[in-house]
Structures are given as C-alpha cells and as structure tokens.
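What follows is a set of notes on a single structure, which appears directly below.
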Amino acid sequence: MQGPDIKGRSLLNLKNWTPEEIRFLLRIAVNEKKNSREGIIKRRFEGKTLAMIFEKRSTRTRCSFETAFGEEGGHPVFLSPSDIQLGGKESLEDTARVLGRMFSAIEFRGFSQKTVEELAEKSGIPVYNGLTDEYHPTQALADIMTLSEEFGSPVGKNLCFVGDGRNNVVRSLIIICAKLGVNCTVVSPEALHPEPDLFEEINPWIRESGAKITVTADISAVNNADAIYTDVWVSMGEEDKKEERVALLSPYQVNDRLFEMTGNKNCIFLHCLPAVKGEEVTVSVFEGPSSRVWEQAENRKHTIKAIMLATLLNQDVY
Ligand code: CP
Ligand code: NVA
C-alpha cells in the first residue's frame, strides 16, 4: 500500500504522527481486517522478533500484539518485570541497548510514559506504547477505526467520552480526535477533568483539522452524540482511589437514561474494555443493540498489525 514512509518509527503517544500518517495506518488496518476475514496470512514477519514487556495486566493488547506478530511468522517474546532486569539490577538504558541488539521491535505496557520513551531512545528500534499511565495510543487507533466502520468517515462526528476524564484512554482520544477532525466532548466531574497542558498542545492540530474538543461536567452535553465512550472508573495502579471514584462518578454512569439524552437513535456505545458492568456502564447498554464493543476489541488486532507492518516492513509487502 502506498503512503507516507513510517518505517523505523516508534508509536509513543501519537503527538508526532501527522494526520496523513495516522490515516495511512487506518487504511492498512482496514485491509488487514479484510485479509483476516478471507483467511489470508502472508507470514510477513518471518525472521523478526518482538519483545513484549508488560508491567501491568492485559488481555486485548497482549493478544493483539502476540497473535498479529506470531501468525505472520514472527517470534514474539513475552517478558514480565519479574523475568527481566528492567530498571532494577540493571538500568533501563542498559536493558534497552541489549534489547535493541536482539529484537526487531519492543512493545511496552506499564506505568511511566518516561520508560517507554527511554526504551525508544536507547534501543534504536521501533517501540510501541501498549498503555502507560498517560497514554493508550494503540487503543485510540482501534476506536477511530470502529467509528469509521460505523459512519463511513469519523470526521465531524460527535464522540462523547463520559467518566474519568483524565485517564490514559481519554488523553489519547483527545489527541487522535484533534488530529483527525473528530469532535470530542469529555463529560466528567470537575475533579477529573483532563490537565490543561494537553489543550495547549492540541491547539495547532485543532486549527488544522477543525475538530471541536470540549470538556464539561454537564451530562446534558451528550445531546447529539454519535458515540458514547466510557472506561473504568479506576485505572490500573489507582486501586486505592476506588471509593472516591465511585462517589464522584456514579452520576456519570452510562445507562439507558443517559443514552436517551443523546436524542440520537443511531448513537453507538464504545468501551476500550475490560468493563466493570454496574459501575461505568449498565448491562443493558453494554449488551444492548447500540454496543460495538466486540468490533472495537477485534479492531485492536488489525490496527496493531498495521502499526507493525508499517514500521517494520517496506510498503510493497502490505
Ligand atoms: N483495552 C485494552 O487495552 O485491554 P487490555 O487491558 O486487556 O489490553
Ligand atoms: N484506563 C484503563 C484502560 C485499560 C485498558 C486502565 O489504565 O486501567
């Protein structure tokens, strides 16, 4: 597939990716989904290796990277922090330099954004952020792919995130929406609004794309939404905040009443998963006809395969 040259690049937070590069990844992902439906597997990662470091748990992200890479003939190696020296006995920099000599690419899921950035800087090979406390860029790609499947183009659509407005999923959503011209409204109690620094950064992208990005504590802002998106109230690593979050976020539960407030019978429901049903979303919405959560989960694999194809291989093989 012809597009901008992104071979050798890392995916850390999407900030340094142009809209054209992001749209190219999404086009590759759509093609990979079609190939997958038709049972076409080309073993394009033969002879390549992927280090997969997980400080936090994962189902979708781990399985997407591992199956997408492995089914194409690549060798993914799962590394938990209890197995390797990662900033413990050995400095992060030294581990990165060793991995850079043995692997084609590194996937990292963990706490600090600084860790994934240092891995990229010091390893010299493509590094993919599989979620940190601050960002979840591979998730945002699958989210936009799911919106595109539903609406043709996501441009100008109203995506409304309801819940914990300062977590990794929201921050990456804001970035991708600002770049691609998708309107994004974050509906969240004031105490959980995204940090203002992010809004300064996205200003130039919004001017170019025309996206409207707004933050409010007012639930009636869901009116006219094309998609309602939520995530867990307590992200990994914040377990001690459970009680406080339940108190703050209970009025923001995505339930049938909130869905009716959109006034849009074609509005869809999105969730990055895993979900805590009965907290951020009710079973009736989660299991209801508007829910697209399984498509969204499947799209993680196609978008992740697209990232690895585009950053590891020449364009003539995908
Ligand atoms: N959405 C997501 O990242 O899921 P996992 O935590 O299961 O990887
Ligand atoms: N915000 C959630 C996303 C999980 C995919 C977390 O960080 O736990």
Side-chain angles (χ1 to χ4, degrees), residues 11-14 29 50 52-69 76 78-81 107-113 115-116 128-147 159 161-176 184 186-189 192-195 198 227-242 244-246 248-249 252-254 269-277 279-281 286 291-308:
L11 183 78
L12 304 177
N13 57 20
L14 279 172
L50 173 70
M52 300 172 50
I53 307 172
F54 283 81
E55 292 178 343
K56 292 178 177 174
R57 285 171 187 268
S58 169
T59 299
R60 280 142 288 270
T61 309
R62 175 183 174 174
C63 296
S64 295
F65 273 103
E66 197 157 339
T67 60
F69 200 70
F78 180 79
L79 302 164
S80 83
E107 181 280 348
F108 172 82
R109 165 172 288 202
F111 295 90
S112 171
Q113 180 69 15
T115 308
V116 75
Y128 315 120
N129 178 356
L131 179 147
T132 60
D133 290 345
E134 283 181 64
Y135 301 106
H136 199 0
T138 63
Q139 179 69 51
L141 287 165
D143 302 339
I144 297 295
M145 181 175 176
T146 312
L147 275 184
L159 173 62
F161 183 93
V162 184
D164 173 12
R166 33 134 307 284
N167 79 13
N168 38 22
V169 167
V170 186
R171 289 174 66 87
S172 287
L173 263 185
I174 290 174
I175 292 169
I176 204 165
C184 179
V186 179
V187 182
S188 180
L192 296 174
H193 279 187
E195 286 86 358
L198 187 60
I228 298 285
Y229 192 148
T230 193
D231 183 12
V232 288
W233 288 346
V234 182
S235 286
M236 288 179 277
E238 304 183 320
E239 288 73 13
D240 59 329
K241 299 204 162 53
K242 169 103 180 170
E244 169 192 326
R245 291 286 166 77
V246 171
L248 275 170
L249 287 163
Y252 292 82
Q253 184 188 60
V254 177
F269 172 69
L270 298 174
H271 194 310
C272 56
L273 307 180
V276 184
K277 288 173 250 181
E279 287 195 4
E280 74 272 8
V281 61
F286 188 88
S291 180
R292 297 292 180 274
V293 297
W294 310 122
E295 280 304 320
Q296 190 183 1
E298 182 193 329
N299 289 341
R300 297 295 311 287
K301 177 169 175 177
H302 306 304
T303 43
I304 280 171
K305 190 184 259 191
I307 294 160
M308 296 193 289

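Keep in mind that what you see is a predicted model, and the values were worked out from it rather than measured. When a ligand or atom number is given, it counts from 1 through the structure's own listing order.
- Between I174 and P194, the shortest heavy-atom contact is CD1-CG, 4.0 Å.
- Neither the backbone nor the side chain of L131 comes within contact range of ligand 1; no heavy atom lies under 4.0 Å.
- For ligand 2, the polar-atom distance check finds an N/O of S235 within less than 3.5 Å of one of the ligand's N/O atoms.
- Ligand 2 has an N or O atom lying under 3.5 Å from an N or O atom of M236, backbone or side chain.
- Counting the atoms of ligand 2 from 1 in the order shown, those under 4.0 Å from a heavy atom of N167 are 1 (N).
- Shown are V234, T230, L192, V232; of these, the side chain to side chain contact (heavy atoms under 4.5 Å, CB included) with L249 is made only by L192.
- For atom 4 (O) of ligand 1, the closest heavy atom belonging to the protein is R60 NE, 2.9 Å.
- For atom 7 (O) of ligand 1, the closest heavy atom belonging to the protein is T59 N, 2.6 Å.
- Not a single donor-acceptor pair under 3.5 Å links the side chain of E244 to the backbone N or O of K241.
- Closest to atom 3 (O) of ligand 1 by heavy atom, among H136, H271, R57, R62, is H136.
- For the pair E239 (side chain) and G237 (backbone), a donor-acceptor distance under 3.5 Å is present.
- Using a 4.0 Å cut-off between heavy atoms, L131 contacts ligand 2 through its side chain alone, with no backbone atom that close.
- Side-chain contact, D133 with Q113: no donor N or O sits under 3.5 Å from an acceptor N or O.
- The N/O atoms of N168, backbone and side chain alike, include one that comes under 3.5 Å of an N/O atom in ligand 2.
- Proximity of the aromatic rings of F269 and W294 is defined here by a centroid distance below 6.0 angstrom, and this criterion is not met.
- Taking 4.0 Å as the cut-off, L273 counts as a neighbour of ligand 2 on heavy-atom distance.
- Between the OG atom in S80 and the CZ atom in R62 there is a gap of 9.5 Å [rounded to 0.5 Å].
- Using a cutoff of 4.0 Å between basic side-chain nitrogens and carboxylate oxygens, R166 and D164 are scored as salt-bridged.
- Distance from atom 6 (O) of ligand 1 to its nearest protein heavy atom, with residue and atom name: R109 NH1, 2.8 Å.
- Residue, atom and distance of the protein heavy atom nearest to atom 2 (C) of ligand 1 are R300 NH1, 3.2 Å.
- Using a cut-off of 4.0 Å between Lys/Arg side-chain N and Asp/Glu carboxylate O, E279 and R245 are scored as not salt-bridged.
- Of all protein heavy atoms, the one closest to atom 3 (C) of ligand 2 is D231 OD2, 3.6 Å.
- The distance criterion of under 3.5 Å between nitrogen or oxygen atoms is met by C272 with respect to ligand 1.
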